[in-house]
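All heavy atoms count here, side chains included; hydrogens, waters and symmetry mates do not. Note that ligands are numbered from 1 as they come in the structure, with each ligand's atoms numbered from 1 the same way.
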Amino acid sequence: MTTPARRIQLQDNLNRTREAIGAACAAAGRPSSDVRLVVVTKTFPASDAAALVDLGQTDLGENRDQDAAPKAAELAALGLKPVWHFVGRLQRNKARSVASYADWIHSVDRVELVDALDRALSNEALSNQASPGDAPGLPRTVNALVQVSLDGDVSRGGVAVSGLAPLAERIAAAPSLRLAGVMAVAPLGWDPSEAFALLAECSAAVRRIDPGAGEVSAGMSGDFAAAIAAGATMVRLGRNVLGEREAMA
Ligand SMILES: *Cc1c(COP(=O)(O)O)cnc(C)c1O
């Protein structure tokens with residue numbers, strides 16, 4: 001359980017963050033309904049995540065399966081079903097776990113991951129059939145964003161811009177995944193506006209493959225206004241809402 005003081009703090013932070021997103025949208029001449037707020041709850045306890053859902057925040061993000069899986073289970077046990085977004089580096093051996101709770105995966109960056117996720121989701125459907133011999137349940141469709149490495153340094157995740165189209169085509173062809181759009185983190189040392197302008201070009205390339213794949217996940221606590229100005233449809237904010245994190249291991 002959160003303390004009443006923590007709950008009030010989260011409510012205040014959430015209100016201020018929503019106002020700041022609204023102001024950035026207004027400055028960009030966009031309606032605030034264009035931008036979805038994903039609150040990244042990584043390193044914060046499940047009680048904070050539960051309080052946020054209770055305060056009307058439907059979209060929550062996590063970046064490590066080891067933390068996200070138990071948090072999602074804890075909330076589900078409380079009857080709380082946020083829309084979970086997985087935003088971190090994803091290893092192939094975690095694909096099955098992440099596919100079991102995530103509605104959105106922002107960090108699809110290689111073909112092996114597409115195949116592992118698609119396989120995990122179709123196996124989930126098979127194991128959901130009522131009895132052997134029944135038609136398998138329909139696979140759940142998970143929304144997939146291609147993470148782009150804007151500076152080409154793929155060691156921090158993301159596919160190089162040159163590999164974007166083939167990867168997006170592979171997602172579009174995977175029955176259990178919906179190609180939803182693109183995601184990026186502004187590279188260190190880059191002007192965020194330049195980074196997000198390049199991401200907008202990547203988004204246009206993906207929309208040529210599927211006109212419906214228009215989501216652009218961009219913008220963190222430090223640079224979300226620039227991301228909204230460049231067309232972001234989803235901002236991923238942690239510190240703005242939850243406060244500073246302890247240093248991560
Ligand atoms: C942690 C994280 C965020 C949120 O960052 P803040 O600076 O806390 O807003 C956004 N995206 C990804 C991929 C993250 O890992």
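Under the 3.5 Å distance criterion, with hydrogens and angles disregarded, a donor-acceptor pair is assigned to the side chains of R207 and S203. With no hydrogens or angles considered, no side-chain donor-acceptor pair links N15 and R18 at under 3.5 Å. Between the side chains of T17 and N240, no donor N or O sits under 3.5 Å from an acceptor N or O. In summary, the side chains of S107 and Q147 do not present any donor paired with an acceptor at a separation below 3.5 Å, with no hydrogens or angles considered.
Counting atoms of ligand 1 from 1 in the listed order, those under 4.0 Å from a heavy atom of R239 are 6 (P), 7 (O), 8 (O), 9 (O). Proximity to L237 (heavy-atom distance under 4.0 Å) selects the following atoms of ligand 1: 9 (O).
For atom 11 (N) of ligand 1, the nearest protein heavy atom (residue, atom name, distance) is R236 NE, 2.9 Å. Among all protein heavy atoms, the one lying closest to atom 9 (O) of ligand 1 is S221 OG, 2.6 Å.
Between K42 and D67 there is no salt bridge, since no side-chain N of the basic residue sits under 4.0 Å from a carboxylate O of the acidic one. A salt bridge is absent between D115 and R92; no separation between the charged side-chain nitrogens and carboxylate oxygens falls under 4.0 Å.
Close to ligand 1: V87, with a non-hydrogen atom less than 4.0 angstrom away. Using a 4.0 angstrom heavy-atom cutoff, R245 counts as in contact with ligand 1.
At least one N or O atom of G238, backbone or side chain, sits closer than 3.5 Å to an N or O atom of ligand 1.
When K42, M220, E244 are checked for heavy-atom proximity to atom 14 (C) of ligand 1, K42 turns out nearest.
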